[in-house]
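Comments concern the structure below.
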2 protein chains.
Amino acid sequence: MTAKLKRQENRKRSRLLLIEATLDSLAEVGFARTSVSEIVERAKLSRGMIHLHFSSKDKLLEEAARHASASYFDDLEQLLDKSGNSPQEKLEAVIKSDLSDNVLNKRSVRIWFALRGEASVSQAIARYSDTRDKKLYDLIFDAFLDIAIASKVNEPGAVARDATHGSLALLEGMWTDFFLHPDSFNRGSALRIIFRILSNMFPRYFNLEGAVKSPLNDMVA
Amino acid sequence: MTAKLKRQENRKRSRLLLIEATLDSLAEVGFARTSVSEIVERAKLSRGMIHLHFSSKDKLLEEAARHASASYFDDLEQLLDKSGNSPQEKLEAVIKSDLSDNVLNKRSVRIWFALRGEASVSQAIARYSDTRDKKLYDLIFDAFLDIAIASKVNEPGAVARDATHGSLALLEGMWTDFFLHPDSFNRGSALRIIFRILSNMFPRYFNLEGAVKSPLNDMVA
DNA sequence: ACATTCAATGAACGATCGTTCATTATATGC
DNA sequence: GCATATAATGAACGATCGTTCATTGAATGT
């Protein structure tokens, strides 16, 4: 029984080695130069392995994209679990995770942009090149809706929708900024900008540092 | 004399044909499949032309990137010339240009993202894959600084800097959104979101539709 | 009209691409 | 311990890659 597991485990390990080698290659030499030779050399496996485990190079790229996407959402969810329960604290957690070194670093951002460059011509890759899925959108929207209603703004639904879309666009823009200027990018500055915008939209719920934990107390005081 | 011009003109025309064919290829089949064969077939020129005019495929790609970048800034400047003189009207012009069909369309955005995918491994391409140059940054910053000072906010310099960086990030994010979902993207919605954010930062200078032309009158009234 | 100049052509090159498959190595089941 | 199953190998294939260059054709200058 343990023997059988060993074979399966080796198989799994080889698959993962190839996926990681592919992602390393994408990050270091880009999509165009990520060849079968490049990948198997990095994985230190033989040439035939890609077709044995993934049937083709394209399928491997698809699996690598899926892997990168899953890692992103896993990291995000893990960091979200640590957040407070108030809507503004949840939003703070999403934003700070999305700009944390775990999620946003040279390797990850190069992988994302390399994959995205091909997303418009490969439906398979396009499926995994969007960091903004429905679950994340809903989480953010619900939080903003709570705040918009509590803030008694006009048309809270429209405000929450725009705040959600705007925040996601801001984060995407910050990613692009990081990608294009990784060495001069300043995480603190990016966070302050986003929270400044949010504090202008919802002054009782955000300040330049992030979420205001107990806005009701502030109001009463 | 006219004869000499004809030869020069043909030369120029061939160069441009190759550049346009390269950009078409990038938009339609992506960076990885943009080969010499693909390009010369689209340009309907012979195989040797790329090396005659550009010395190598890489140099052609660099020239194509330069061309795309120049087109972007030309379009932007042309649309800016039509804008009003108040800072909020200039900002409105930049934002509306940047999201106009001339500047942001399926072809242009696919070209940008295809090039950016390679920017991290090609310094030559990286030079032209940033839409946010110093001139544009300064224009936006100066406009926000005027508004920030007139609005009598605390630390107008810091506010203007964050508003500039934030607006550019928002625009980049909207571009990404358009790239990933070109058919469901809504220009009006994107504009409203940006102006909603700006109207929250500077209520007397922006509303959901764009710039408030005469904020001083509003104040007096 | 003719010689000169140079843009344009496309066959051919070696290198590398993604893929195939006969062979080898190793884990598994009896 | 041996037969079986399957993971892993890497040489070889045809296709395509970017590049070279001898040749052609048309514009130019006298």
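Numbers restart at 1 for each chain; the letters A, B, ... are given by sequence-line order, proteins then strands.
- Per the geometry, CD belonging to A:Glu38 stands 15 Å off C1' belonging to C:dG18, to the nearest Å.
- Using a 4.0 Å heavy-atom distance criterion, A:Arg47 is classed as a base contact.
- Nearest to the side chain of A:Val36, among C:dT19, C:dA7, D:dA7, sits C:dT19.
- In this structure, A:Ser55 and A:Ser37 both approach DNA chain C, and ranking their closest nucleotides by distance from the 5' end singles out A:Ser37.
- The side chain of A:Asn10 sits closest to C:dA27 out of C:dA27, C:dC17, C:dG10.
- Taking atom CD1 of B:Ile39 as the reference point, atom C1' of D:dC17 lies 12 Å away to the nearest angstrom.
- Here the C1' atom of nucleotide D:dA26 and the CZ atom of B:Arg13 are 14 Å apart, to the nearest Å.
- With distances taken from any side-chain atom of A:His51 to the nucleotides D:dT19, C:dT20, C:dA8, the minimum falls on C:dT20.
- In this structure, B:Gln8 places its CD atom 17 Å from P of C:dT5, rounding to the nearest Å.
- In the set D:dA7, D:dT9, C:dA8, D:dT9 carries the atom at the smallest distance from any side-chain atom of A:Ser46.
- Rounded to a whole Å, the NZ atom of B:Lys57 is 8 Å from the P atom of D:dT19.
- Atom CG in B:Leu18 sits about 9 Å away from atom P in C:dA8, given to the nearest Å.
- The pair A:Asp162-B:Arg196 counts as a salt bridge, with a side-chain nitrogen and a carboxylate oxygen less than 4.0 angstrom apart.
- Remark: A:Asp138 engages A:Lys134 in a side-chain contact (heavy atoms from CB on, under 4.5 Å) (not counting sequence neighbours).
- Nearest to the side-chain atoms of B:Arg7 among the listed nucleotides C:dG18, C:dA27, D:dA27 stands D:dA27.
- Summary of the strand contacts: A:Arg33 and A:Gly48 both lie near DNA chain C, and taking for each the nucleotide with the nearest heavy atom, the more 5' one is attributed to A:Arg33.
- At the phosphate of D:dA8, OP1 or OP2 sits under 4.0 Å from a side-chain N or O atom of A:Ser14.
- What separates CG of B:Leu52 from P of C:dG10 is a distance of 14 Å, to the nearest Å.
- Side-chain atoms of A:Met49 lie closest to D:dT9 of the nucleotides C:dA8, C:dC17, D:dT9.
- Ion pairing between a basic and an acidic side chain is recognised when a charged N comes within 4.0 Å of a carboxylate O; B:Glu63 and B:Arg66 show such pairing.
- One atom, CZ of A:Phe54, and another, C1' of D:dA8, lie 14 Å apart when rounded to the nearest Å.
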B:Glu172 and B:Thr131: CA distance, side-chain angles, deciding distance, side-chain hydrogen bond (donor to acceptor under 3.5 Å, both in side chains) verdict: CA-CA 9 Å; B:Glu172 285 287 0; B:Thr131 50; 2.9 Å; yes

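- Residue B:Ile50 is classed as having no contact, given no heavy-atom separation below 4.0 Å to the nucleic acid.
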Working for side-chain contact (heavy atoms from CB on, under 4.5 Å), residues A:Leu17 and A:Met49: CA-CA 11 Å; A:Leu17 270 175; A:Met49 288 291 262; over 6 Å; no

